[in-house]
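Because only heavy atoms are used, hydrogens play no part in the values below, and waters and symmetry mates are left out as well, while side chains stay in. Sequence lines set the chain letters: A, B, ... in the order given, protein chains first and strands last, and positions in each chain run from 1.
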Amino acid sequence: MTNREIAKLLQHVAAAYTIKNEQKYRFQIIAYQKAADAIMGTTEEIKDLIKEKRLEKLPGIGPSIRSHLEELIKTGKVKRFEWVKSGIPQTVYPLLDVPTLGPKKAFKLVTHFDLKNPKTVIDDIEKIATQGKIANVEDFGEKSQEDILQAIAEFRQGSGKTTRMVLPFAGELAERLLIYLKRSKDAVDVQPLGSLRRMKDTIGDIDFAVATTNPKAVIDYFVAYPQKERIIEKGPNTASILLSNGRQIDLMTQPPDAFGSLLQHFTGSKNHNIHLRNFALSKGMSLSEYGIKKLGKTHKFKTEEELYKFLGMEWIAPELREDTGEIELALRQAQGKHPGLPRLIELKDIKGDLHIHSNYPIEPSHDMGKDTMEEMLKKAKNLGFEYLGFSEHNPSVSKHTSKQIYTILARRKEKIEGLNESKKYIRSVNLLELDILANGNLAIDEKSLGELDACLVSIHSSFNMNKKDMTKRVLDALAHPKAKILCHPTGRMLNERQGYELNFEAVFDFCKKHNKALEINAWPNRLDLPDTLVRQAVKYGVKMVINTDSHALWQMDMMKYGVAVARRGFATKGDIVNTLPYNEFVQWLSS
DNA sequence: GCCGTTTTCGGCCCGACTGTTTTCAGTCG
């Protein structure tokens with residue numbers, strides 16, 4: 001069972017409890033939802049966590065759910081879950097994926113119409129709604145019948161929040177809306193918030209906060225956005241629209257003197273907010289997007305800094321707000337204790353990009369870059385870098401003899417040396433992105449490797465290996481003295497495929513011991529290492545590099561997204577090798 | 001069912017909006 005399937009199962013248990021008796025089981029419902037979130041959020045497999053007795057370390061998983069999951073992995077089912085789900089038709093669960101349908105409505109519908117087939121239940125509901133039969137069911141009406149049809153249609157198209165965007169795409173979309181919203185004369189300040197501000201790797205919907213003294217005017221202006229498909233909801237202070245490209249945009253307003261509270265509230269994450277509100281409660285305060293109520297008086301905050309300070313903690317960078325320990329660190333920081341919050345790496349700390357594909361005619365095994373080395377060096381200088389690492393793919397092994405490969409690389413080395421000697425550009429580093437063959441060997445021989453300063457190594461083939469063999473393959477490749485960086489280490493492609501299996505503890509140990517670095521690849525649908533693994537690498541003391549993997553000039557601007565991943569993983573400047581000045585960097589490269 | 005800078009027992013975030021209703025339930029973030 002995958003983590004996703006296990007998380008789904010826990011959500012279904014929560015839904016079943018909701019249907020059975022929401023009041024009686026209200027805390028179990030919260031607990032099961034939280035446990036489901038925790039399992040969705042971890043990169044490690046549940047069966048491994050059980051084997052290593054670390055499952056209860058996940059926040060939200062205690063002795064009870066732990067033992068249920070052990071039973072699940074061992075026998076394939078859980079007695080307690082069967083009991084909770086008894087008497088509830090299987091057809092309820094597929095409907096939960098349709099927006100506006102929750103456990104209660106789904107249950108009412110499938111029992112009223114006696115729907116039995118989970119595989120066709122969405123089609124069945126659609127058909128019944130089209131026939132106008134839902135409007136007659138108690139607690140439903142004409143409007144909710146229409147809403148259900150709408151929701152099913154949009155669900156099928158993957159609209160709204162049913163599919164997620166990769167971060168850079170969401171960034172561009174938000175930029176266009178930001179320009180529109182700022183044109184409203186009633187908008188004093190406009191900020192994109194939510195998971196976009198936290199720079200999460202994928203984004204569901206885009207959230208905006210607006211500071212205004214005239215919320216009605218701002219809301220009316222917002223829902224008149226030209227690319228709007230329809231208004232999802234519209235109230236006096238908030239509204240949601242669906243764009244014609246299927247994306248949902250949420251907007252909230254507050255007066256300028258309470259804007260800090262709104263920024264905090266709408267940035268989230270949900271779990272960060274819940275923790276913060278619980279903490280406030282324990283101090284006799286109540287926190288909401290309006291401010292903090294204390295002894296009957298509501299305190300308003302213009303800025304987030306003032307709000308966090310009022311709670312007795314240091315301001316927390318949005319990238320850290322996932323309730324994974326940042327609140328405790330912010331409290332310690334404010335009290336002058338160590339460790340406090342990490343001093344996170346910033347874009348301006350980056351001194352070079354080491355994963356660059358130029359159009360140098362290297363006759364590669366994979367895709368080639370579009371622009372010349374010279375053009376890319378000029379761009380790198382504009383970005384404020386001191387050095388640039390050329391790392392085209394190795395020449396195709398099947399189409400060349402090793403002698404031909406050597407000739408190509410020797411010529412390329414001369415070219416790069418020429419660029420450096422001309423002194424017209426920032427420093428070039430002579431690297432290469434080498435395929436790791438299925439047997440763990442590098443794609444080119446010793447003589448050719450001698451023509452490089454160092455190399456990056458990557459898995460580009462034979463993904464379907466078991467964890468043990470894949471780990472050995474990677475470590476064998478990294479054992480070569482010239483191999484310094486493991487590229488896009490999990491191999492995942494967001495919204496496309498999961499990565500291959502790798503024993504990251506073993507990889508961390510090896511990298512730490514032999515001074516190798518793991519890449520944080522900033523390519524939009526890679527963002528690999530993922531933030532959770534960055535955090536573990538930081539803890540292990542493993543060095544990382546942040547690269548764009550650019551195949552064209554414009555892609556070199558993606559560095560900020562790689563930096564965001566590093567920040568979400570609590571990385572400081574000291575954890576990232578390409579923050580080093582040139583001389584220290586080349587020293588590391590030959591270490 | 002989970003969890004601890006008051007606690008291993010006794011708490012558990014806070015609010016917006018909609019539809020179907022005459023005061024609230026359900027869903028969402």
Side-chain angles (χ1 to χ4, degrees), chain A residues 10 13-15 17-19 22-38 56 58-69 80 84 95-96 98-108 134-148 151 160-161 193-195 204-207 215 219 231-240 248 250-254 261-262 264-293 311-313 323 327-332 334-335 337:
Chain A
L10 296 179
V13 173
Y17 270 132
T18 309
I19 293 163
E22 189 176 20
Q23 269 312 301
K24 182 174 170 191
Y25 296 117
R26 60 190 185 282
F27 299 117
Q28 279 89 337
I29 293 164
I30 295 169
Y32 273 90
Q33 279 162 346
K34 200 165 179 228
D37 287 347
E56 256 177 84
L58 287 185
I61 301 209
S64 178
I65 293 182
R66 193 240 325 133
S67 91
H68 291 328
L69 292 184
R80 175 74 191 175
V84 178
L95 292 181
L96 299 179
V98 178
T100 75
L101 289 183
K104 301 271 185 78
K105 286 188 186 177
F107 181 73
K108 266 181 205 155
I134 287 182
N136 304 324
V137 182
E138 196 184 8
D139 296 329
F140 290 83
E142 290 286 347
K143 187 69 174 70
S144 42
Q145 178 169 275
E146 267 172 53
D147 289 350
I148 287 168
K161 54 199 162 5
L193 302 176
S195 50
D205 46 31
I206 296 180
D207 303 316
I219 300 273
I231 298 168
I232 296 171
E233 61 180 30
K234 176 173 178 260
N237 294 306
T238 77
S240 296
Q248 182 174 332
D250 298 337
L251 181 136
M252 296 182 85
T253 63
Q254 279 289 328
S261 290
L262 182 58
Q264 195 288 314
H265 163 77
F266 216 11
T267 297
S269 65
K270 185 179 81 179
N271 285 338
H272 176 87
N273 285 356
I274 289 174
H275 190 153
L276 213 57
R277 287 166 181 200
N278 274 323
F279 176 80
L281 275 182
S282 74
K283 302 287 180 196
M285 302 182 263
S286 172
L287 171 62
S288 77
E289 63 265 44
Y290 293 96
I292 297 177
K293 271 185 234 162
L311 291 169
M313 52 187 87
D323 191 28
I327 290 173
E328 292 81 354
L329 293 175
L331 281 166
R332 297 175 62 89
Q335 293 160 4
K337 292 186 196 161

* Answer yes or no: are there more than 12 heavy-atom neighbours, outside Lys293(A) itself, under 6.0 Å from its atom NZ? => no
Taking only the side-chain nitrogens and oxygens of [X], find out if one of them lies under 4.0 Å from OP1 or OP2 of [N].
X         : N       : result
Ser282(A) : dT5(B)  : no
Ser288(A) : dC14(B) : no
Lys34(A)  : dC13(B) : no
Tyr290(A) : dA16(B) : yes
Lys105(A) : dG26(B) : no
Thr100(A) : dT27(B) : no
Lys270(A) : dG29(B) : no

So [X], base contact, sugar-phosphate only, or nothing? Heavy-atom distance under 4.0 Å.
X         : result
Ile65(A)  : sugar-phosphate
Asp205(A) : sugar-phosphate
Gln33(A)  : nothing
Asn273(A) : nothing
Lys283(A) : sugar-phosphate
Ser286(A) : sugar-phosphate
Leu281(A) : sugar-phosphate
Phe279(A) : nothing

[X] side chain: which of [options] is closest?
X         : options                  : answer
Lys234(A) : dG1(B), dT18(B), dT6(B)  : dT18(B)
Glu233(A) : dT5(B), dT18(B), dG29(B) : dT18(B)
Ser64(A)  : dT27(B), dG29(B), dC2(B) : dC2(B)

* Ile327(A) CD1 to dG4(B) C1': how many Å, rounded? -> 14 Å
* For Tyr32(A) and for Leu287(A), locate the closest nucleotide of DNA chain B by heavy-atom distance; then report the residue assigned to the nucleotide nearer the 5' terminus. => Tyr32(A)
* **Residue mapping more 5' on DNA chain B - nearest nucleotide basis, Gly235(A) or Leu331(A)** => Leu331(A)
* Provide the Watson-Crick or G-U wobble partner of dG26(B), both distances under 3.5 Å; none if there is no partner. => dC17(B)
* To do: Mark this stacking check for Phe27(A) against dC2(B) as yes or no, applying ring centres under 5.5 Å and ring planes under 30°.
  => no
